[in-house]
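The chains referred to below are lettered A, B, ... by the order of the sequence lines, with proteins before strands, and numbering in each begins at 1.
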2 protein chains.
Amino acid sequence: MSQTKDKIILSAQKQFAELGFEASSLRLITKNAGVNLAAVNYHFGSKKMLIQSVMDRSIRQFAPYLKEKLEQLILKENVKTADIVEVFIDALKQLDEQSDEQSMVFIKLIGRSYAESQGHLKRYFVENYPEALDALLRLMRQLMPSLDDEAIFWRLHCALGSLVFLSTSADALIEMAEAEFNSHVNKQHILDVMPGFLESALTANNNER
Amino acid sequence: MSQTKDKIILSAQKQFAELGFEASSLRLITKNAGVNLAAVNYHFGSKKMLIQSVMDRSIRQFAPYLKEKLEQLILKENVKTADIVEVFIDALKQLDEQSDEQSMVFIKLIGRSYAESQGHLKRYFVENYPEALDALLRLMRQLMPSLDDEAIFWRLHCALGSLVFLSTSADALIEMAEAEFNSHVNKQHILDVMPGFLESALTANNNER
DNA sequence: ATACATTTAAAACGCTTGTTTGAATTTTTA
DNA sequence: TAAAAATTCAAACAAGCGTTTTAAATGTAT
């Protein structure tokens with residue numbers, strides 16, 4: 001497999017997470033990757049398809065691990081919401097073992113996908129989303145039998161929202177916190193603060209809809 | 001007061017919320033506003049200062065109402081977190097009385113500010129943020145005396161994250177929900193689902209940090 | 001009516017963007 | 001080793017961007 005392709009994907013992944021898809025230029029991506037500009041169109045065809053390839057790779061590094069752990073969880077008895085959250089956070093941290101800050105990068109990419117979604121990524125998600133998160137939905141359903149699928153859907157995305165926002169805005173928030181009360185929280189620490197919030201978002205006793 | 005200025009701000013506000021600051025072009029903004037392209041640089045000087053003006057106007061429409069209601073709340077006894085959330089949601093809905101979907105637009109703008117923050121907006125926020133949200137912080141502090149300011153800071157932004165994400169991704173999420181389980185949730189309805197999540201995010205019993 | 005501020009119009013500026021091209025180079029295959 | 005295929009490279013392309021400039025056409029006060 002071409003190593004140029006990989007270098008481009010890795011550079012693009014970092015760039016997309018930090019600046020968003022539109023704001024990232026192929027010129028900077030290829031420069032950081034140490035390859036020629038034209039290599040993008042040669043290997044991927046277009047910027048759109050590069051974006052899709054990056055998302056594809058990112059999800060394929062995350063989803064299988066998550067799916068496996070969740071399916072182990074389904075077999076257990078007395079599963080708590082906290083367990084699901086823990087599995088999810090574990091799946092994120094497992095990404096960091098391959099490359100530093102990869103978990104943050106991944107969450108940021110998910111956030112960018114929702115925020116900048118222009119159609120082609122939406123279509124891609126609709127096709128791959130169910131497969132990747134089916135186990136998650138099943139678990140939630142079995143954990144909260146009183147809720148219908150739609151309610152679970154909204155809770156999941158509420159939790160996802162906190163996660164995405166805190167990751168995407170991590171730099172700005174840390175800077176704010178430092179200026180405001182001499183806080184010394186680093187990026188990675190945010191992942192440790194998350195589980196509590198995620199669990200409470202998922203178990204929220206909202207009685208509407 | 002010049003009506004051209006207003007037309008530009010309103011058009012830009014909508015555009016910024018939907019596409020983000022960078023992805024919005026002055027050419028489309030002025031075209032939709034029905035004014036000349038050069039009018040932007042004549043009235044605002046630059047795109048950066050237009051962005052700042054839009055954010056300024058948006059916050060000034062929201063903050064005073066929120067501040068007033070929060071300060072009324074401080075005087076009361078036995079204030080619950082749910083009360084704070086209610087006041088916040090009310091402040092959002094009050095925006096809709098002036099123009100349709102204005103609450104969504106506002107939340108989206110806040111989200112864009114965090115996600116695309118390039119420095120000048122960050123500086124602007126650091127100056128105006130404390131003033132606008134001081135009452136909110138004071139209330140939270142008095143409501144949860146066991147928590148320090150930093151913990152409150154993170155809870156607030158966790159809640160804000162859900163709100164921002166659900167608003168920014170509203171279209172994509174509604175589309176997903178419709179495809180998945182024939183849901184018929186409209187954008188405005190999302191505001192009704194929020195309070196429960198916000199409350200639980202704020203009262204989360206996370207024991208880290 | 002004179003002076004000033006506002007608005008429109010059209011054109012061009014320099015710059016960055018994604019994409020294409022054609023030749024040079026490397027790698028693979030026979 | 002020679003032919004073929006795959007890859008890299010520098011250069012140029014057209015299009016879009018924010019911005020500036022020039023001019024003429026409106027208003028709006030003094």
Picking from D:dA10, C:dT8, C:dT19, which would you name as closest to the side chain of B:Ala39?
->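 For the B:Ala39 side chain, the nearest candidate turns out to be C:dT8.
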
To the nearest Å, give me how far apart [atom1] ([X]) and [atom2] ([N]) are.
| X | N | atom1 | atom2 | value |
| --- | --- | --- | --- | --- |
| A:Leu50 | C:dT19 | CG | C1' | 14 Å |
| B:Phe21 | D:dG18 | CZ | P | 14 Å |
| B:Asn36 | D:dA24 | CG | P | 16 Å |
| B:Asn41 | C:dT8 | CG | C1' | 15 Å |
| B:Leu26 | D:dT19 | CG | P | 6 Å |
| B:Lys31 | C:dA10 | NZ | P | 14 Å |
| A:His43 | C:dT19 | NE2 | P | 15 Å |
| B:Phe44 | D:dT19 | CZ | P | 13 Å |

Which word best sums up how the rings of B:Phe165 and A:His157 line up, parallel for under 30°, tilted for 30 to 60°, or perpendicular for over 60°?
->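 The arrangement is parallel - the two ring planes meet at less than 30°.
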
Any Lys/Arg nitrogen of B:Lys93 or B:Asp192 sitting under 4.0 Å from an Asp/Glu carboxylate oxygen of the other?
->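 Yes.
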
Using a cut-off of 6.0 Å, state whether more than 12 heavy atoms not belonging to B:Asn186 lie near its atom CG.
->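 Enclosed.
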
Less than 3.5 Å between a donor and an acceptor, one on the side chain of A:Arg27 and one on the base of C:dG18, is that the case here?
->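 It does, because a donor-acceptor pair links the side chain of A:Arg27 to the base of C:dG18 below 3.5 Å.
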
Would you mind classifying the nucleic acid contact of A:Thr30 as base, sugar-phosphate or nothing, using non-hydrogen atoms under 4.0 angstrom?
->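 Answer is nothing: A:Thr30 stays at 4.0 Å or more from every strand.
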
Under the 3.5 angstrom rule, does the side chain of A:Thr81 hit a backbone N or O of A:Glu199 as a donor-acceptor pair?
->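 Side chain of A:Thr81 to backbone of A:Glu199, a donor-acceptor pair under 3.5 Å: no, none is there.
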
